[in-house]
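Worksheet for the structure shown next.
FYI, the numbering just counts along the sequence from 1.
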Amino acid sequence: MIDANQMGVRRFGRVNWLGTWTLMRREIKRFMNVWSQTVMAPLINAGLFLLIFTIAIGPQRGDVMGVPFMVFLAPGILTMTVIQNAFANTSSSLASAKIQGNIVDTLMPPLSAVELVVGYIGGAVARGALVAVVIAIGSAVFLGVGMQAPLWVVVFVLLGSILMGGLGMIAGIFANKFDQLSAISNFLITPLAFLSGTFYSIEALPPFMQALSHANPFFYVIDGVRYGMIGVSDSSPWIGLLVVGAACVVVLGVCLRWMRTGYRLKS
């Protein structure tokens, strides 16, 4: 009778640290098992972007915000790659689990909604940070791009990974087919990433487009990393910190709500 009365009671304290770490480790191992796609491919893609712009534009392109164009471009490409990989990590994990029917393996263990979100977001942050380190090393070796304010780079890479990991969770929960997930990525995430100052300074845009860019949280992530790497930016990093932090709160709130209610996860 005593055992029966204790069924369903959490016996891990207030936080199931072991379960949360196990989920996070599973997410990390999932992308590390295909490191050639998750680590090497982003580095190659970033290198191709830089090579293509060098060949297409060449030395006739003037400085942007007082720095050579290729130096200006490196932080944007780094951040765009981090954004795409953090989003892909959580969205593909949840969507695959739903479509293959094994999402129950994640929902049945004694993990609260907060612990589930932390586990998934932890995997996205690990992938985003790893990609950022690899591309930053490549930028330093081949372009001589160092770090003017490393702390800002760390802060915005982490916040950007959290934001995109949360958006990936929302997309993965919402999508019932890979086609739906691809549509979200192709028609929402990619355009927002490309139109957020990755390849240009928003000072070159007309006022209306500048206003739209300032409403895009991706812009502040890219701008913050650019400030940390080369010391120039279109806006104050403190404003970016406030906007991206607020966006993270909203996105994580939606993730927690959907995980707690089982929206589109439980029958």
Any side-chain heavy-atom pair of [X] and [Y] under 4.5 Å:
X: M164; Y: F218; result: yes
X: F72; Y: M65; result: yes
X: H214; Y: V243; result: no
X: K98; Y: N176; result: yes
X: M259; Y: Y120; result: yes
X: L159; Y: V221; result: no
X: V131; Y: F31; result: no

- Message: Given 3.5 Å as the limit, does a donor-acceptor pair link the side chain of T190 with the main chain of N186, or not?
- Response: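 No; judged by distance alone, with no hydrogens or angles, the pair does not exist.
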- Side-chain donor or acceptor of T198 paired with backbone N/O of A193 under 3.5 Å: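 A pair under 3.5 Å: yes.
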- Task: Give a yes/no verdict on a cation-pi contact between R257 and Y263, requiring under 6.0 Å between NZ or CZ and the six-membered ring centre and an angle within 45° of the axis.
- Result: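 No.
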Once you round to the nearest 0.5 Å, how far does [atom1] of [X] lie from [atom2] of [Y]?
X: F219; Y: S196; atom1: CZ; atom2: OG; value: 8.5 Å
X: F69; Y: S201; atom1: CZ; atom2: OG; value: 11.0 Å
X: S213; Y: L205; atom1: OG; atom2: CG; value: 5.0 Å

- Is the gap between the ring centers of F53 and F199 under 6.0 Å?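 They qualify: ring centres under 6.0 Å apart.
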- Query: Side chains of R26 and T106: is there a donor and an acceptor less than 3.5 Å apart?
  - Reply: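 Per modelled atom types, R26 and T106 side chains form a pair under 3.5 Å.
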